[in-house]
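One structure is given below, encoded as structure tokens.
Each chain gets a letter, A, B and so on, in the order the sequences are listed, and its residues count up from 1.
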There are 2 protein chains.
Amino acid sequence: MGRVRKGEREWLAAYDPRAFPPFAVTVDMVLLTVTEGRFSVLLVERDTHPFRGFIALPGGFVQPDEDLDAAAVRRLELETGVRRSAAYVEQLGAFGAPSRDPRMRVVSVAYLVFAPDLPAPRPGAGARSVAWVPVDTVQRDRLAFDHAHVLAAGVERARAKLEYTPLAAAFCDEELTVADLRRVYEAVWGVALDPRNFHRKVTGTPGFLDPVGRPAPVGPEGGRPAALYRRGRATQLHPAMLRPSR
Amino acid sequence: MGRVRKGEREWLAAYDPRAFPPFAVTVDMVLLTVTEGRFSVLLVERDTHPFRGFIALPGGFVQPDEDLDAAAVRRLELETGVRRSAAYVEQLGAFGAPSRDPRMRVVSVAYLVFAPDLPAPRPGAGARSVAWVPVDTVQRDRLAFDHAHVLAAGVERARAKLEYTPLAAAFCDEELTVADLRRVYEAVWGVALDPRNFHRKVTGTPGFLDPVGRPAPVGPEGGRPAALYRRGRATQLHPAMLRPSR
DNA sequence: CCCTGTTAGCGTCGAGCGGACGAGAAGGAG
DNA sequence: CTCCTTCTCGTCCGCTCGACGCTAACAGGG
């Protein structure tokens with residue numbers, strides 16, 4: 001709540017609640033990761049009304065003195081234990097159809113999070129269970145509220161973001177190989193990419209990846225060890241990494 | 001407000017208002033156009049508290065049973081007389097810092113609108129005056145609330161949208177010439193574009209412009225009459241129309 | 001040791017796109 | 001007519017990207 005300026009107190013006393021219809025404001029988190037080669041979203045099974053027994057995006061009410069972004073980060077740490085610095089967080093948009101919550105008028109501000117591969121978190125309050133679910137296997141008709149719509153928006157935003165930002169690295173550990181990054185693109189876009197052209201593109205884009213100068217341990221399938229990289233400082237890709245065949 | 005299901009009434013009766021902190025929800029409109037060759041935004045001068053005398057984006061409270069998008073469209077017609085079909089409207093995002101409104105906790109959902117060149121509208125309720133202001137001459141420290149932040153987000157979103165969508169045509173009349181479209185890009189991006197390469201690019205992208213088969217009247221500076229086009233059916237540009245020199 | 005299978009990384013070729021620019025087409029003013 | 005304007009088409013060249021060949025560097029089996 002903002003500070004009240006001198007001289008406005010009388011005016012505030014005349015505040016007419018009918019002119020300021022009350023809303024509840026929530027944050028809903030579209031938490032995305034790539035685990036076991038699948039592009040997945042964190043979903044909870046609700047244990048409270050409304051939509052008890054339905055699956056839903058994690059979320060909750062914004063506190064009276066809490067910034068929207070802060071509420072999202074708090075929820076993120078609550079649900080997954082991920083600190084903000086370890087993931088990428090951006091606002092997805094506001095969803096506020098009058099009928100989206102049967103209890104009362106709720107406007108939900110959705111947030112999109114790219115998280116590295118994490119162990120499945122333990123259920124929080126109000127949730128029966130919580131799990132990473134591959135986005136192409138989500139049962140949309142079992143999703144609570146308008147979360148099918150929110151999830152679809154988040155997935156599409158994520159797919160587009162990989163084209164013109166280096167954010168695919170946000171799905172990987174701090175030190176990563178070119179193949180790690182390629183597997184992120186392949187999982188999120190659902191396509192196979194040529195490893196050689198991908199390597200040329202990624203290593204040739206300044207600011208995308210910084211070499212560590214040390215090789216990664218050999219993977220389970222053998223083969224030549226890959227060089228390790230860290231995320232670079234670029235925030236945009238020029239030119240963009242375009243999805244094939246559109 | 002959603003319908004209450006059977007069996008939930010008792011539960012609703014136990015509703016604790018402290019668990020659902022009340023917020024006010026508003027829409028703020030970033031109305032953009034190109035007029036007299038300048039990329040401009042519609043701003044009002046406030047005549048009511050708070051921020052009386054400051055300039056602001058047009059906006060207002062969302063009604064209890066009103067969808068967010070519907071509130072934005074209502075505001076659009078109210079402020080400019082533009083019907084939804086004549087302009088492009090998309091949500092920009094939610095802005096909800098706790099201190100953004102000194103009266104109470106307000107979450108504002110900002111909308112971005114691309115409108116064709118319009119006569120300056122008449123002031124609405126609570127506004128002393130209303131005018132199209134070139135975005136590069138806006139006095140940011142005279143803007144109310146966090147509208148400098150909202151406006152900056154809207155302008156940047158608009159500049160990016162022109163790269164990968166055919167929405168530049170939303171700033172033009174229904175029938176337009178390639179030069180009309182080029183002047184939109186030049187005004188929004190603040191750069192000069194080569195008319196010949198622009199022509200090749202625009203006419204060579206399927207679905208961007210559909211030829212009408214009729215020439216436009218000769219402009220004030222003379223020259224060969226340009227062919228008229230209408231907006232095509234494409235929603236994305238492939239490949240994108242990239243800004244020069246980045 | 002050699003041979004094989006794996007992945008990593010480099011090189012090459014050709015199609016296509018975009019920036020720089022030339023030149024003709026089609027109008028008006030004088 | 002000349003001169004100016006803008007519109008439209010065409011050429012050249014460099015860059016990027018898709019397709020794909022080839023070598024480098026590991027592990028494991030014989």
Side-chain angles (χ1 to χ4, degrees), chain A residues 37 162-164 166 172 175-186 189 191-229 234 236-246, chain B residues 37 162-164 166 172 175-186 189 191-229 234 236-246:
Chain A
L162 294 207
E163 291 197 89
Y164 57 94
C172 300
E175 293 189 338
L176 65 152
T177 68
V178 174
D180 292 336
L181 198 63
R182 178 169 47 83
R183 281 186 271 268
V184 168
Y185 276 93
E186 291 178 330
W189 286 349
V191 297
L193 300 175
D194 185 284
R196 297 159 291 186
N197 291 333
F198 184 85
H199 187 279
R200 177 182 58 188
K201 170 74 180 173
V202 165
T203 56
T205 302
F208 199 164
L209 292 181
D210 293 334
V212 170
R214 190 159 40 83
V218 176
E221 316 240 333
R224 173 174 171 177
L228 282 173
Y229 294 86
Q236 302 273 321
L237 296 184
H238 288 288
M241 180 87 104
L242 293 178
R243 281 182 261 191
S245 85
R246 315 221 291 176
Chain B
L162 294 207
E163 292 197 86
Y164 58 94
C172 299
E175 293 189 337
L176 65 152
T177 67
V178 173
D180 292 336
L181 198 63
R182 179 168 47 82
R183 281 185 271 270
V184 168
Y185 276 93
E186 292 178 329
W189 286 348
V191 297
L193 299 175
D194 184 284
R196 297 159 289 185
N197 291 334
F198 184 86
H199 188 279
R200 178 184 56 187
K201 169 76 179 170
V202 165
T203 56
T205 302
F208 200 166
L209 292 181
D210 293 333
V212 170
R214 191 159 39 83
V218 175
E221 315 240 333
R224 173 175 170 177
L228 281 174
Y229 295 87
Q236 301 273 320
L237 296 184
H238 288 286
M241 180 86 103
L242 293 176
R243 283 183 257 192
S245 87
R246 312 225 285 176

Rounded off to whole Å, could you give me the [atom1]-to-[atom2] distance for the [X] and [N] pair?
{"X": "A:D194", "N": "C:dC13", "atom1": "CG", "atom2": "C1'", "value": "14 Å"}
{"X": "B:R196", "N": "C:dG19", "atom1": "CZ", "atom2": "C1'", "value": "10 Å"}
{"X": "B:L193", "N": "C:dA20", "atom1": "CG", "atom2": "P", "value": "11 Å"}
{"X": "B:F198", "N": "C:dC21", "atom1": "CZ", "atom2": "C1'", "value": "18 Å"}
{"X": "B:M241", "N": "C:dC17", "atom1": "CE", "atom2": "C1'", "value": "13 Å"}
{"X": "A:L228", "N": "C:dG9", "atom1": "CG", "atom2": "C1'", "value": "15 Å"}

Suppose we screen for side chain to side chain donor-acceptor pair (under 3.5 Å). Which residues come up paired with A:T177, at least two apart in sequence or across chains?
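For A:T177 the side chain to side chain donor-acceptor pair (under 3.5 Å) partners, ignoring immediate neighbours, are A:D180.
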Got a sec, which residues hit salt bridge (Lys or Arg N to Asp or Glu O under 4.0 Å) with A:R196, two or more places apart in sequence or on another chain?
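A:R196 satisfies salt bridge (Lys or Arg N to Asp or Glu O under 4.0 Å) with A:D194 only.
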Does A:V202 reach the side chain of A:M241, with side-chain heavy atoms less than 4.5 Å apart?
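Touching, per the 4.5 Å side-chain cut-off.
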What residues form a ring-ring contact (aromatic ring centres under 6.0 Å, His included) with B:F198, not counting sequence neighbours?
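B:F198 satisfies ring-ring contact (aromatic ring centres under 6.0 Å, His included) with B:Y185 only.
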Using a heavy-atom distance cut-off of less than 4.0 Å, which residues of residues 199-224 of chain B contact DNA chain D?
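Under 4.0 Å from DNA chain D: B:H199, B:R200, B:E221, B:G222, B:G223, B:R224.
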What is the minimum heavy-atom distance between B:P166 and B:Q236, and which atoms define it?
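B:P166 and B:Q236 have their closest heavy atoms at CD-N, 4.0 Å.
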Answer with base, sugar-phosphate or nothing: what part of the nucleic acid does A:P195 contact at a heavy-atom distance below 4.0 Å?
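Result for A:P195 = nothing.
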Quick check on DNA chain D: between A:P225 and A:N197, whose nearest nucleotide comes earlier from the 5' end?
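Nearest-nucleotide comparison on DNA chain D picks A:N197.
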N/O donor to acceptor pairs below 3.5 angstrom from side-chain atoms of residues 206-223 of chain B, sequence neighbours left out:
residue, atom, partner, partner atom, Å
B:D210, OD1, B:R233, NH1, 3.4
B:D210, OD2, B:R233, NH1, 2.7
B:R214, NH2, B:E175, OE1, 3.0
B:R214, NH2, B:E175, OE2, 2.8

Among pairs that include at least one residue of residues 198-207 of chain A, which meet salt bridge (Lys or Arg N to Asp or Glu O under 4.0 Å), considering only residues two or more places apart or in two chains?
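For residues 198-207 of chain A, and leaving out neighbouring residues, there are no salt bridge (Lys or Arg N to Asp or Glu O under 4.0 Å) pairs at all.
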Considering only heavy atoms of chain B and a distance under 4.0 Å, specify the first and last nucleotide of DNA chain D in 5' to 3' order that meet this criterion.
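Span of nucleotides near chain B: D:dT5 to D:dT11.
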Which distance, rounded to the nearest 0.5 Å, do you find between the NE2 of A:H199 and the CG of A:L193?
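One finds 14.0 Å between NE2 of A:H199 and CG of A:L193.
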Apply side-chain contact (heavy atoms from CB on, under 4.5 Å) to A:A227 and list each qualifying residue two or more places apart in sequence or on a separate chain.
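Here the qualifying residues are A:Y229.
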